[in-house]
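Supplied in structure tokens, the structure appears directly below.
The first residue of the sequence shown is numbered 1, and numbering continues consecutively from there.
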Amino acid sequence: MHFVKAKGILSAKNGANLYRGCTHGCIYCDSRSNCYQMNHEFTDIEVKENAIELLEEELLKKRNKVMVGTGAMTDPYLHLENKLQYTRRMLEVIEKQGHGVSVLTKSTMVLRDLDLLVKINKKAKAIVQMTLTTFDDELCKILEPNVSTSKERLDCLKKFNEAGIKTVVWFGPILPFINDSLENLKGILNYCLEANVKYIMYFGMGVTMRDGNREYFYKKLDEHFPGLKEKYIKTYGLNYMISVPNSKQLHEYFIKFCDKHNIIYKPEEVFNYLGELEIEKGYEQISLF
């Protein structure tokens with residue numbers, strides 16, 4: 001962990017990343033890619049020590065209330081958050097000023113801040129988003145080793161639903177020859193149904209690979225799935241978009257399931273929901289995306 005002074009904290013679309021890097025250890029993580037030009041070890045978390053002060057200043061300048069999004073590049077509930085509590089302090093600022101928030105995480109640590117998220121939801125709008133990659137918790141411990149299991153995330157989604165806070169599931173990635181079974185798809189979708197999830201972020205049946213994250217992914221394949229790296233290289237080469245062999249079958253099942261249960265899954269519609277903030281006091285709708 002190391003600290004830096006940030007020049008700003010909110011992006012043009014009101015995204016905020018308090019940290020840079022990650023300790024969750026997900027074997028497929030795109031944030032490891034060289035294109036993001038991280039000049040430190042990925043697990044040596046960069047902490048923006050003045051992030052909360054900057055956020056307070058930048059939100060005060062907003063003419064209208066907005067949805068602040070966090071978790072796009074770095075999970076806001078890393079292990080060090082338990083000690084630093086930057087994310088909680090961020091939520092305190094958002095609640096105090098009456099803005100909305102959407103949080104994307106794989107950690108049940110988000111339940112620590114249930115009280116604040118409920119307060120934000122009463123004033124504006126709070127959304128909790130969680131990624132679900134595999135129904136099999138033993139496989140989950142390989143793919144996402146240092147974070148909450150899928151079952152634990154399911155229980156977390158249920159608790160937010162019971163508290164009246166809407167939830168969104170980010171589906172995937174689906175890794176060829178690893179979690180690309182119909183059984184896994186059915187398991188994840190049934191989890192969504194059980195937790196009353198009405199929005200699923202869906203980008204297809206596959207995964208993306210870039211320089212930087214591809215090398216780490218292959219290293220982990222050698223550790224946990226001997227021989228599979230060679231199959232990937234032979235099948236996909238240096239492709240950026242990697243679709244699973246049975247993508248058509250899985251896609252058709254996914255669409256049929258979501259349509260049957262009135263689950264919204266088209267990315268543009270989900271992004272619109274995440275960005276729209278309607279407040280009775282007459283504030284204009286603001287789009288995060």
Side-chain angles (χ1 to χ4, degrees), residues 1-26 28-62 66-95 97 99-110 112-113 116-117 120 125-131 144 146-148 168 170 173 201 203 208 210 212-213 216 267 270-271 274-275 277 286-289:
M1 177 176 67
H2 63 282
F3 293 85
V4 298
K5 288 278 189 182
K7 295 180 179 179
I9 194 61
L10 282 179
S11 71
K13 297 179 180 179
N14 299 311
N17 287 294
L18 307 176
Y19 306 119
R20 199 163 186 226
C22 192
T23 50
H24 287 342
C26 303
Y28 51 76
C29 183
D30 177 70
S31 293
R32 291 180 180 274
S33 301
N34 296 339
C35 64
Y36 299 118
Q37 300 179 337
M38 193 173 296
N39 58 6
H40 56 87
E41 288 293 325
F42 192 67
T43 55
D44 177 18
I45 307 302
E46 180 179 287
V47 181
K48 300 173 184 178
E49 62 180 341
N50 57 335
I52 308 305
E53 293 76 14
L54 287 173
L55 179 68
E56 192 161 22
E57 293 171 6
E58 292 176 28
L59 286 180
L60 281 171
K61 295 176 183 177
K62 298 288 184 182
V66 301
M67 286 292 290
V68 178
T70 187
M73 286 298 297
T74 297
D75 196 308
Y77 290 97
L78 300 177
H79 302 90
L80 54 72
E81 166 61 21
N82 195 41
K83 177 182 178 181
L84 295 182
Q85 299 203 22
Y86 272 43
T87 298
R88 183 167 180 85
R89 290 170 60 196
M90 177 190 73
L91 294 176
E92 288 172 344
V93 170
I94 291 170
E95 191 275 331
Q97 295 197 26
H99 294 275
V101 69
S102 67
V103 176
L104 173 59
T105 183
K106 292 177 183 172
S107 173
T108 57
M109 193 194 300
V110 65
R112 179 201 66 187
D113 297 332
L116 275 173
L117 289 163
I120 292 170
K125 180 178 175 182
I127 304 170
V128 172
Q129 308 171 74
M130 301 201 89
T131 301
E144 301 156 344
N146 304 324
V147 71
S148 307
V168 174
W170 283 63
M201 188 68 79
F203 294 107
T208 57
R210 305 188 227 225
N213 79 309
Y216 185 81
V270 182
F271 278 132
L274 292 173
L277 178 57
I286 302 296
S287 178
L288 174 60
F289 297 96

R210: what forms a side-chain hydrogen bond (donor to acceptor under 3.5 Å, both in side chains) with it, not counting sequence neighbours?
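Listed in chain order: D30, Y36.
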Within-4.5 Å side-chain heavy-atom neighbours: T208 and P173
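Side chain of T208 against side chain of P173, heavy atoms only: no contact under 4.5 Å found.
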Only counting residues at least two apart or in another chain, list the ones meeting side-chain contact (heavy atoms from CB on, under 4.5 Å) with M109.
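Scan of M109 (side-chain contact (heavy atoms from CB on, under 4.5 Å), adjacent residues dropped) gives Y77, E81, N82, S107, R112.
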Spacing of CE belonging to M73 relative to CG belonging to L104, to within rounding of 0.5 Å
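Nearest 0.5 Å value for the CE-CG distance: 12.0 Å.
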What pairs with E46 under salt bridge (Lys or Arg N to Asp or Glu O under 4.0 Å), at least two apart in sequence or on another chain?
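Partners of E46 under the salt bridge (Lys or Arg N to Asp or Glu O under 4.0 Å) test: none.
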In Å, rounded to the nearest 0.5 Å, how long is the span from CG of N213 to CG of N34?
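That separation rounds to 8.5 Å.
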I'd like to check N146 versus T23 (side-chain heavy atoms, cut-off strictly below 4.5 Å). Are they in contact?
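Sidechains of T23 and N146: no contact.
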Determine, step by step, whether V103 and D113 satisfy the side-chain contact (heavy atoms from CB on, under 4.5 Å) criterion, reporting the C-alpha distance in whole Å, the side-chain angles of both residues, the deciding distance to 0.1 Å, and the verdict.
CA-CA 11 Å; V103 176; D113 297 332; over 6 Å; no
Partners meeting side-chain hydrogen bond (donor to acceptor under 3.5 Å, both in side chains) with Y86 (sequence neighbours left out)
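Counting only residues at least two positions away or on another chain, Y86 forms no side-chain hydrogen bond (donor to acceptor under 3.5 Å, both in side chains).
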Measure the spacing between CZ of R32 and OG1 of T43 and express it to the nearest 0.5 Å.
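Here the rounded value is 7.0 Å.
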From R88 CZ over to I52 CD1, what is the distance, rounded to the nearest 0.5 angstrom?
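Output value for this atom pair is 12.0 Å.
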Hey, can you tell me if H79 and H24 have their rings parallel, tilted or perpendicular (30° and 60° cut-offs)?
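Perpendicular, since the angle between the ring planes exceeds 60°.
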Any L10 side-chain heavy atom under 4.5 Å of L59 side chain
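Side-chain contact under 4.5 Å: yes.
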What I'd like to find out is whether the side chain of L18 reaches to under 4.5 Å of the side chain of K48, using heavy atoms alone.
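Not in contact.
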Any side-chain heavy atom of L84 sitting closer than 4.5 Å to one from Y19?
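The answer is yes; the side chains approach within 4.5 Å.
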Salt bridge (Lys or Arg N to Asp or Glu O under 4.0 Å) with E53: which residues, sequence neighbours excluded?
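E53 satisfies salt bridge (Lys or Arg N to Asp or Glu O under 4.0 Å) with R89 only.
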Taking every non-hydrogen atom, the tightest pair across E144 and C26
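For E144 and C26, the tightest heavy-atom pair comes out as CG-SG, 3.6 Å.
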Taking the inter-plane angle between the rings of H2 and H40 on a 0 to 90° scale, is it parallel (under 30°), tilted (30 to 60°) or perpendicular (over 60°)?
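Perpendicular: the ring planes of H2 and H40 meet at over 60°.
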Closest approach of G25 and Y216, non-hydrogen atoms and distance?
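Closest heavy-atom pair between G25 and Y216: O-OH, 4.2 Å.
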Shortest non-hydrogen contact from V66 to H99?
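Taking V66 first and H99 second, the nearest heavy atoms are N-ND1, 3.0 Å.
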With respect to V101, which candidate in L117, I127, L116 satisfies the side-chain contact (heavy atoms from CB on, under 4.5 Å) definition?
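When side-chain contact (heavy atoms from CB on, under 4.5 Å) is applied between V101 and each of L117, I127, L116, only L117 qualifies.
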Does any part of the side chain of K62, heavy atoms only, come nearer than 4.5 Å to the side chain of N14, both counted from C-beta?
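The answer is yes, as the side chains (C-beta and beyond) meet within the 4.5 Å cut-off.
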Backbone N/O of S148 and side chain of T108: donor-acceptor pair under 3.5 Å
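No, T108 side chain to S148 backbone: no donor-acceptor pair under 3.5 Å.
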For the residue pair T70 and P76, what are the closest heavy atoms and their distance?
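Closest approach of T70 to P76, heavy atoms only: OG1-CB, 4.0 Å.
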Contact between L274 and M201 at the side-chain level, heavy atoms closer than 4.5 Å - yes or no?
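Yes, at least one pair of side-chain atoms sits under 4.5 Å.
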Closest heavy-atom pair and its distance - G21, T74
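Distance-wise, the nearest heavy atoms are O-CG2, 2.9 Å.
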CZ on F42 to OG on S33, rounded to 0.5 Å:
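These two atoms lie 9.0 Å from each other.
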Contact summary for G100 and I120, nearest pair of heavy atoms
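Between these two residues, the closest heavy atoms are CA-CG2, 4.2 Å.
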D75: what forms a salt bridge (Lys or Arg N to Asp or Glu O under 4.0 Å) with it, not counting sequence neighbours?
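Here no residue qualifies.
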Separation between CZ of R20 and CD1 of I45, rounded to the nearest 0.5 Å:
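That separation rounds to 11.0 Å.
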Heavy-atom distance under 4.5 Å between the side chains of T105 and T87, does that happen here?
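No, every pair of side-chain atoms sits at 4.5 Å or beyond.
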